[in-house]
Amino acid sequence: MFRQTNHHRGYVALSSHPTGNGESHHATPHGGTLSVHPDGTSYTYAYGPKGLAGLRHNSYALGCAIFASIGGLTFGYDQGVIANILVMKEFVARFPVTSWEKGLMTAMLELGSLVGALTAGVLADRYSRRQSILVACVVFCIGSALQCAAQSIPQLIVGRAIGGLGVGALSMLSPLYMAEISPPEVRGSLMALEQFSIVLGAVLGFWTGYFTRDLPGSISWRSPLAIQIIPGLLLGFGSFFLPPSPRLLVSHGRDDEALQSLAKLRLRAPEEANTDPLLQMELLEMRVEAQLVEKTFGYSTKDGTFVAEARAWKQLFSKKYINRTFIGIVMMFFQQWSGINALLYYGPTLMHEIGLQGDTVTLLVSGGIGIVQFLAVFPTIIYIDSLGRKPLLRWGSAIMCLSHLTISLLVRQYESDWPAHVTAAWTAVVCVYIFTAAYGMSYGPIGWILPSEVFPQSVRSKGVSLATASNWSNNFLIGLVTPVMMETSPSFTFVIFALACFAGYFWSTYVVPETANVSLEEIDAVFGSSAGQEDALLKQEIEEEIGLRRLIADLAEGPFTTTTTRDDLEH
């Protein structure tokens, strides 16, 4: 449906299906669909179907996202393995610690991760997503090696802090990269892989510690700490083969490379890159975004100067973006204060508090928490783009709140005599599992998806960094205070988590926008006029200048040629 530029070029008829509301649907020549809205300028597009069929259709992007999500596995593995190490007999005998020391040792990784998440955005914009992932993997492996070889608590804490730098950087870089390579119709599904990988890591970490706990000497706890080096090495080596982010290439002015990377990610042949209308549309959207950044803020992300960095961070708290910034920060606040990491970090301790006796029973039940969360992620991966973010957050909040309240009441009523109330104890365990399943289908995956969707290219890496920093700072607090809270009042601990989930219900209902099936460059629409009228007019001018509006109009009107190039559009 591109305009004819000379009479020698052949045309391919575009299949068009108008609807009763004035919207027209078109099938594009290399697969995919375009829907042009009645105003003739707004639109949505998809390279294929949603759900499992969409993941199969976008097999290369799926493979890249799976590999990038190994960064989440490093995070989850540490969460899972530390729960067992803290109760291993040989570890406790070698390093007797108080509740505060236990919390500090657990929380130091989160504190390091906070710093790593904040600094990774600078590397990600200045150089590349892939190079930044490689550096984060190297730092993570160094920290893991120090933990494995630690001879004292201070050495272990230092190792966890250094490892945390790598974990925090990866927890920001992986979802950022995944968001930027994902087709719009399966972006939620692909980004849910981050949570899937985190949970898989937690399961592997827990059960690795479970099966090594009876090994002789310090190998019982050193071996699971050493094993976590493997995913770090795997991701570091694999980062050399990941395709570059086309959005970052565009922001660096490397449009031709961006088009080739985009074509590879969308399974288009190189010769199809200049003729596929969806590729052209997506590339032009990226160029619009990059030019809007440069003209509005007076700098480009490729500049990499201190002034540019300071302006980017300042923009997060400007009137234009403050609501997006708070969504990212608050999303991670509720994700952590839902109580999930308290269960993962101190599962054996918690199970003892609700009445289960014996190390084997408590460890097995605690390990089941990770398995339930692991299984709960699967339906989210399949249906999140169909169901949307808001409904999952709302129902997840409600179920988690009720689960926590039930556990709190049972603990308060029966904690003085659990052996005489076995049914009540196992009812509490069931509630823990229900809570975990609800979390795995809501706040778990969406906590990583939403912050990567709401920010524009100009501040996306900084915004995701700040949201991830919120995750780690709240994670740090959870790890630090949970042992003391559980020691003081287990019942009150669950009340705190219930109140957080209760507040999360109203927040997700009245504040969170629905971002499902909205392209990253068009996310402004869900925030109404928050971007400002000036930006809207400037964006319109840029769209007309580089040919995006012309392309949409041509696609909506009639036939197109399969050989029209990007230069034809601009001239």
Side-chain angles (χ1 to χ4, degrees), residues 50-51 54-55 58 61-62 64-66 68-69 71-73 75-76 117 129 170-200 245 247 324-336 338 340 373 376-397 438-457 460-461 463-472 504 507-508 511-523 526-527:
K50 302 177 184 179
L55 294 176
N58 294 281
L62 172 62
C64 293
I66 289 175
S69 70
L73 190 143
F75 169 23
R129 313 311 195 207
L170 290 173
S171 69
M172 173 266 170
L173 293 167
S174 291
L176 174 67
Y177 176 78
M178 292 159 69
E180 293 186 342
I181 67 170
S182 299
E185 69 272 13
V186 291
R187 188 175 67 239
S189 295
L190 289 181
M191 292 190 64
L193 291 171
E194 173 74 4
Q195 179 65 15
F196 172 82
S197 187
I198 291 172
V199 177
L200 176 62
S245 165
R247 286 175 170 82
R324 306 178 191 222
T325 300
F326 278 135
I327 285 175
I329 292 174
V330 177
M331 176 73 255
M332 291 304 194
F333 171 85
F334 283 123
Q335 188 197 61
Q336 292 306 305
S338 68
I340 186 63
Q373 190 181 358
V377 175
F378 282 100
T380 306
I381 292 175
I382 298 172
Y383 296 113
I384 188 169
D385 286 307
S386 299
L387 296 175
R389 288 36 162 172
K390 286 174 69 72
L392 290 175
L393 287 175
R394 292 179 62 199
W395 286 105
S397 299
Y439 174 88
M441 297 178 68
S442 59
Y443 280 78
I446 297 175
W448 298 104
I449 295 171
L450 196 62
S452 296
E453 291 180 324
V454 298
F455 292 106
Q457 177 70 28
R460 184 173 299 134
S461 63
V464 174
S465 290
L466 192 61
T468 308
S470 173
N471 176 288
W472 288 113
W507 174 76
S508 60
V511 179
V512 176
E514 182 56 74
T515 57
N517 305 308
V518 179
S519 68
L520 292 177
E521 285 70 29
E522 292 297 313
I523 203 71
V526 302
F527 287 94

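- When the side chain to side chain contact (heavy atoms under 4.5 Å, CB included) test is applied to Pro379, the partners found at least two apart in sequence or on another chain are Tyr383, Met441.
- When all heavy atoms of Cys64 and Ile181 are compared, the closest pair comes out as CB-CD1, 3.7 Å.
- Taking 4.5 Å as the limit, some side-chain heavy atom of Leu193 sits within range of a side-chain heavy atom of Leu62.
- Remark: Pro451 pairs with Met331, Met332, Ala467 by the side chain to side chain contact (heavy atoms under 4.5 Å, CB included) rule, at least two apart or across chains.
- Applying the side chain to side chain contact (heavy atoms under 4.5 Å, CB included) criterion to Ser508, with sequence neighbours excluded, gives Leu393, Arg394, Ser397, Tyr443, Val512.
- Under a 3.5 Å cut-off, the side chain of Gln335 and the backbone N or O of Gly444 do form a donor-acceptor pair.
- A search for side chain to side chain donor-acceptor pair (under 3.5 Å) contacts involving Ser245 returns Glu180, not counting sequence neighbours.
- A donor-acceptor pair under 3.5 Å is formed between the side chain of Ser197 and the backbone N or O of Ser69.
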*Tell me, with the steps shown, if Gln373 and Ile198 meet side-chain contact (heavy atoms from CB on, under 4.5 Å).*
CA-CA 10 Å; Gln373 190 181 358; Ile198 291 172; 5.8 Å; no
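- Residues satisfying the side chain to side chain contact (heavy atoms under 4.5 Å, CB included) criterion with Ser338, sequence neighbours excluded, are Ile340, Met400, Phe435, Tyr439, Cys501.
- In this view, Phe326 satisfies the ring-ring contact (aromatic ring centres under 6.0 Å, His included) rule with no residue, not counting sequence neighbours.
- Leu55 is listed as a side-chain neighbour of Leu190, based on a closest heavy-atom distance under 4.5 Å.
- Taking every heavy atom of both residues into account, Pro445 and Ser442 meet most closely at CD-O, 3.4 Å.
- In terms of modelled atom types and a separation under 3.5 Å, the side chain of Glu514 and the main chain of Arg389 share a donor-acceptor contact.
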